[in-house]
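A short write-up of the structure that comes next.
As the structure is a computational prediction, the values presented were derived from the model and not from experiment. Within every chain, numbering begins at 1; the chains are lettered A, B, ... in the order of the sequence lines, protein sequences first and strands thereafter.
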Number of protein chains: 4
Amino acid sequence: MANSKFEYVKQFEQPDSLLPNTWIVVRLDGRGFTKFSTKYAFEKPNDKRALDLMNAAALAVMSELPDITIAYGVSDEYSFVFHKSCTLFERRASKLVSTIVSTFTAYYIHLWSTYFPSSPLSPPLPSFDGRAVTYPSVQNLRDYMSWRQVDCHINNLYNTTFWALIQRGGMDGTAAEQMLKGTFSADKNEILFSKFGINYNKEPEMFKKGSVIFRDYELVEPETGTGTKTIKGEEGGNSAVPEVKSKSQLEKEKKARTKAKIVVEHLDIIRDEFWERRPWLLSGKPGKVKVAKEP
Amino acid sequence: MANSKFEYVKQFEQPDSLLPNTWIVVRLDGRGFTKFSTKYAFEKPNDKRALDLMNAAALAVMSELPDITIAYGVSDEYSFVFHKSCTLFERRASKLVSTIVSTFTAYYIHLWSTYFPSSPLSPPLPSFDGRAVTYPSVQNLRDYMSWRQVDCHINNLYNTTFWALIQRGGMDGTAAEQMLKGTFSADKNEILFSKFGINYNKEPEMFKKGSVIFRDYELVEPETGTGTKTIKGEEGGNSAVPEVKSKSQLEKEKKARTKAKIVVEHLDIIRDEFWERRPWLLSGKPGKVKVAKEP
Amino acid sequence: MANSKFEYVKQFEQPDSLLPNTWIVVRLDGRGFTKFSTKYAFEKPNDKRALDLMNAAALAVMSELPDITIAYGVSDEYSFVFHKSCTLFERRASKLVSTIVSTFTAYYIHLWSTYFPSSPLSPPLPSFDGRAVTYPSVQNLRDYMSWRQVDCHINNLYNTTFWALIQRGGMDGTAAEQMLKGTFSADKNEILFSKFGINYNKEPEMFKKGSVIFRDYELVEPETGTGTKTIKGEEGGNSAVPEVKSKSQLEKEKKARTKAKIVVEHLDIIRDEFWERRPWLLSGKPGKVKVAKEP
Amino acid sequence: MANSKFEYVKQFEQPDSLLPNTWIVVRLDGRGFTKFSTKYAFEKPNDKRALDLMNAAALAVMSELPDITIAYGVSDEYSFVFHKSCTLFERRASKLVSTIVSTFTAYYIHLWSTYFPSSPLSPPLPSFDGRAVTYPSVQNLRDYMSWRQVDCHINNLYNTTFWALIQRGGMDGTAAEQMLKGTFSADKNEILFSKFGINYNKEPEMFKKGSVIFRDYELVEPETGTGTKTIKGEEGGNSAVPEVKSKSQLEKEKKARTKAKIVVEHLDIIRDEFWERRPWLLSGKPGKVKVAKEP
């Protein structure tokens with residue numbers, strides 16, 4: 001067929017499958033969001049509507065891609081985690097990244113008017129870029145998540161103080177920046193409290209901790225200790241041979257996941273407790289579906 | 001700082017810069033568009049509104065990313081080409097792919113209501129995936145473009161005949177498929193003409209040729225032959241040393257590009273003529289800005 | 001300087017550092033060794049001199065590259081393992097592979113006359129190719145090692161029977177091949193014993209198990225259980241943060257390694273025992289240096 | 001079969017095929033050759049025996065791998081070039097690099113005693129590392145070759161002057177280094193001539209230009225101009241579709257290559273003339289075999 005003469009160009013596609021048995025993190029970031037947030041007059045230091053929109057878009061991504069285990073968002077960035085056993089799209093980096101970024105963008109644009117009803121979008125439109133990183137061990141993955149949450153904390157404490165100095169203290173940006181140069185956390189807490197009566201600890205959890213999204217099953221009591229094992233002893237099983245699950249098994253697990261409610265929380269994901277009580281996050285096996293509480 | 005303990009996880013990011021001095025093609029494809037086109041009742045075999053929307057989104061991508069030289073779209077796919085000298089985002093594959101896919105998606109969603117005013121979008125939303133491929137030579141690049149346009153032609157002739165058999169001939173899908181099995185182009189042309197009085201050559205150019213988007217400068221007369229050289233003899237220059245352009249030079253070229261009108265056309269991009277008359281596409285140097293014609 | 005005009009070509013070197021915190025296996029294979037073994041009349045099914053030469057070359061590689069933890073060889077192939085924390089050559093794949101392959105080849109050629117004193121080498125000379133693979137978990141690594149040793153066993157049992165049929169049974173190659181088609185291990189053992197009085201279990205360990213090379217420290221008693229933990233619970237430690245060892249610490253460990261004797265053994269490396277009694281192999285920390293026994 | 005349980009580990013091998021239609025350069029470098037050259041008392045600034053040995057090893061590599069088009073060596077490094085159309089080992093980087101490095105090392109060790117008959121090798125043995133780089137255009141490739149030859153010139157002029165100051169001028173290393181700091185080529189030429197009566201231009205070509213190895217066919221007269229086209233207009237052909245050569249065609253070309261004598265020369269490879277007169281180097285098509293001259 002006439003086509004074949006040119007078809008050789010397909011040979012130039014280079015494979016980009018990510019190493020098996022590693023945790024895949026796809027992180028996306030808003031492009032030029034400083035300018036964008038000015039254009040739409042985002043509240044400083046945090047605009048609840050903007051964060052809620054980010055969370056809504058991320059929630060939609062998780063609904064459409066049940067392979068995602070957990071997601072963590074702060075400011076204009078979001079990280080999505082695939083379990084190390086995930087084989088979605090043969091683990092091709094560009095396919096995973098582009099699918100997540102595109103789906104996220106689609107919902108961000110689509111839901112914009114829900115969160116900013118009085119500020120219709122106009123070009124240039126908001127957009128996101130993304131990349132995939134692999135982590136070989138649970139500890140690496142948890143350290144990645146911790147890294148993002150520590151970053152959230154550091155930035156939010158800084159921004160809260162910075163904008164208090166400007167908005168309530170009447171300083172300009174340069175003066176505020178100068179004042180905060182070289183200060184420690186304790187100093188910033190002190191400035192907030194002594195100057196403005198703000199107790200940083202009472203700031204909204206979403207601002208201080210960021211947002212974590214996951215499928216919600218029944219929590220496991222930490223004293224049973226089973227959670228701990230799952231986290232620390234990831235090689236506790238007797239083989240790393242990729243478990244060949246039957247189609248019906250996979251189908252069953254997929255259904256279990258679909259049933260589980262996806263929740264957006266603002267929790268500490270650095271300490272063990274979060275992971276110990278939710279062993280399904282690291283085991284990759286669906287937990288026990290929550291029974292609806294009596295109303 | 002507290003952050004540093006976890007910051008080591010950044011070391012796991014693997015570089016993905018594409019080989020210098022190669023043409024970069026980023027192609028995106030609609031995800032699950034068969035189902036999607038059914039949901040929104042796209043006309044068969046071609047829905048002009050859907051194609052116009054694809055073109056509008058691609059045009060917006062080209063406006064926001066002046067580094068893109070040319071784009072070619074057919075059906076639910078679009079290819080964007082960066083000149084081999086492009087250094088945008090240090091040529092990082094994931095950044096290039098995700099930025100294009102995200103920007104395209106943003107406009108596709110945003111402009112949807114313009115093209116489908118009576119069919120508001122609802123979840124699951126349309127999305128796209130993408131990948132980057134590099135081509136070392138102009139000929140490889142042109143063969144890639146030809147490959148996509150030949151594909152467009154083959155698919156469109158098939159689909160036009162297939163749907164004629166169904167919509168006008170009253171066949172069902174299976175019967176139509178059976179009838180077309182093993183036929184050549186000439187056979188399909190004959191079926192269209194003898195059974196339905198359709199002259200395939202008179203079908204809309206957009207359906208037959210797809211859409212090509214580029215910055216429009218003054219055409220170069222082919223007989224001067226200068227175009228030819230630019231295309232075939234890409235090494236005609238005396239060095240491949242990456243031309244170090246001064247900032248002002250780059251700024252000037254960027255301005256020239258910004259001034260040029262971006263057009264959507266439906267032309268033959270397989271034959272030399274298209275490229276010879278538009279030497280700026282392969283040379284990477286802006287052409288002569290078109291003077292507006294007398295009204 | 002005149003040089004700078006061309007120096008841009010360095011930009012085309014693509015980085016190839018292997019993912020941190022993964023086990024690196026470099027495997028090399030003899031090129032065209034079927035032909036080569038015929039040329040030098042290697043004994044069939046195993047030539048002890050040829051295997052001893054492989055082991056001597058591998059031992060030299062381990063001496064020159066103390067970062068190698070363990071090596072396993074069979075036939076004309078050898079696998080070298082770097083601990084997951086290894087940072088040698090910034091973990092660049094091509095540098096690791098080429099260095100090992102070159103050093104191995106150098107000793108293979110240099111020591112040839114020691115093992116084949118009456119068969120001087122002549123062109124074309126023996127050579128090896130190699131590749132690097134990374135494994136994220138201890139289990140993956142151990143499964144890799146098991147894979148090679150099982151392969152050794154299967155091939156050796158086959159070859160031993162095949163050559164017995166030819167050398168002692170007077171068959172030709174085709175007949176022997178035909179006879180072994182579809183047989184199981186038990187069948188081959190039976191053929192060996194009933195036809196030739198060979199008890200396969202009494203064949204030399206080097207032929208049945210291949211060769212494993214490592215630094216030899218005092219064995220750990222398995223009942224203490226500390227070994228087990230090291231192997232299974234690789235995340236037992238409280239952080240995956242790459243331990244930043246002081247220079248003096250690194251120097252000390254290097255010395256400890258240099259003191260340890262490197263041994264060539266023919267042991268079962270599939271079962272836990274091998275690894276449990278030698279926890280230094282997986283922990284990456286030197287063991288307790290063996291005290292020389294009374295003479 | 002028992003094997004299958006572990007065989008999954010093969011999935012961790014990542015593909016590393018180099019981009020099609022690009023020139024592949026494999027460069028190897030001596031490891032720790034400063035120390036090595038001291039151990040064997042190499043003459044300074046150039047040891048003819050050591051360079052001849054490098055050349056002999058490279059020549060053997062080219063004989064065993066007819067896919068190599070040209071090689072260039074200087075000091076303890078050697079670059080081997082594969083034509084952009086080469087498909088050897090499916091263009092896998094690690095296979096190409098390890099094969100070349102291993103073959104080179106084998107001959108270096110094997111031929112050592114020919115060039116250093118009175119200095120038998122002893123551990124640690126010399127070894128080499130290597131890497132592969134791809135170049136999309138002829139100009140990039142030629143610039144790579146020029147880069148190495150300019151490097152050769154700069155280093156050799158420096159070293160010649162440096163060692164003259166020491167060996168004939170009685171300076172120590174520090175004083176010589178100090179004296180040469182900031183000097184230009186003309187200055188060094190002047191020092192050599194005025195102080196030691198050395199005319200740098202009369203130094204051996206091998207030292208000044210390095211060594212270039214290639215298959216020698218009949219030279220093409222530059223005035224015919226056909227050479228020029230081949231070099232500059234690499235896209236002169238009407239398609240980049242990988243020429244599918246018949247097996248007999250490939251066999252024929254291989255034979256033609258085998259017949260051609262491989263020569264070691266010390267020529268200027270920066271100027272066009274070298275390439276224009278030897279069009280087979282860049283075209284990839286064997287030239288006209290030289291007719292033996294009358295004796």
Could you state the interatomic distance from [atom1] ([X]) to [atom2] ([Y]), rounded to the nearest 0.5 Å?
{"X": "D/Tyr107", "Y": "C/Ser127", "atom1": "OH", "atom2": "OG", "answer": "8.0 Å"}
{"X": "D/Asp29", "Y": "C/Thr99", "atom1": "CG", "atom2": "OG1", "answer": "10.5 Å"}
{"X": "D/Ser102", "Y": "C/Leu28", "atom1": "OG", "atom2": "CG", "answer": "8.0 Å"}
{"X": "C/Thr103", "Y": "D/Arg31", "atom1": "OG1", "atom2": "CZ", "answer": "5.0 Å"}
{"X": "C/Tyr108", "Y": "D/Leu125", "atom1": "OH", "atom2": "CG", "answer": "15.0 Å"}
{"X": "D/Ser94", "Y": "C/Arg27", "atom1": "OG", "atom2": "CZ", "answer": "10.5 Å"}

Any donor-acceptor pair under 3.5 Å from C/Tyr144 side chain to D/Glu7 backbone: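 Looks like no, no N/O pair under 3.5 Å.
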Stepwise side chain to side chain contact (heavy atoms under 4.5 Å, CB included) test for D/Val150 and C/Phe6: CA-CA 9 Å; D/Val150 168; C/Phe6 300 120; 3.8 Å; yes
Where D/Tyr8 and C/Gln139 come nearest, the two heavy atoms and their spacing: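 Scanning both residues completely, I find the closest heavy atoms to be OH-O, 4.2 Å.
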Where C/Val101 and D/Ser98 come nearest, the two heavy atoms and their spacing: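 Residues C/Val101 and D/Ser98, closest heavy atoms: CG1-O, 3.8 Å.
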Against chain D, label [X] side chain, backbone, both or neither, depending on which of its atoms sit under 4.5 Å from a heavy atom there.
{"X": "C/Ala106", "result": "both"}
{"X": "C/Ile270", "result": "side chain"}
{"X": "C/Pro126", "result": "backbone"}

Neighbour count >12 (heavy atoms, 6.0 Å) for atom NZ, D/Lys261: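 Atom NZ in D/Lys261 is not packed in, count stays at 12 or less.
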Among D/Arg131, D/His110, D/Glu13, D/Lys10, residue most engaged with chain C (heavy-atom pairs, under 4.5 Å):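 Most heavy-atom pairs within the cutoff with chain C belong to D/His110.
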Residue of the set D/Asn140, D/Thr22, D/Val25 for which side-chain contact (heavy atoms from CB on, under 4.5 Å) holds with C/Phe12: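 Of all the options given, the one that passes is D/Asn140.
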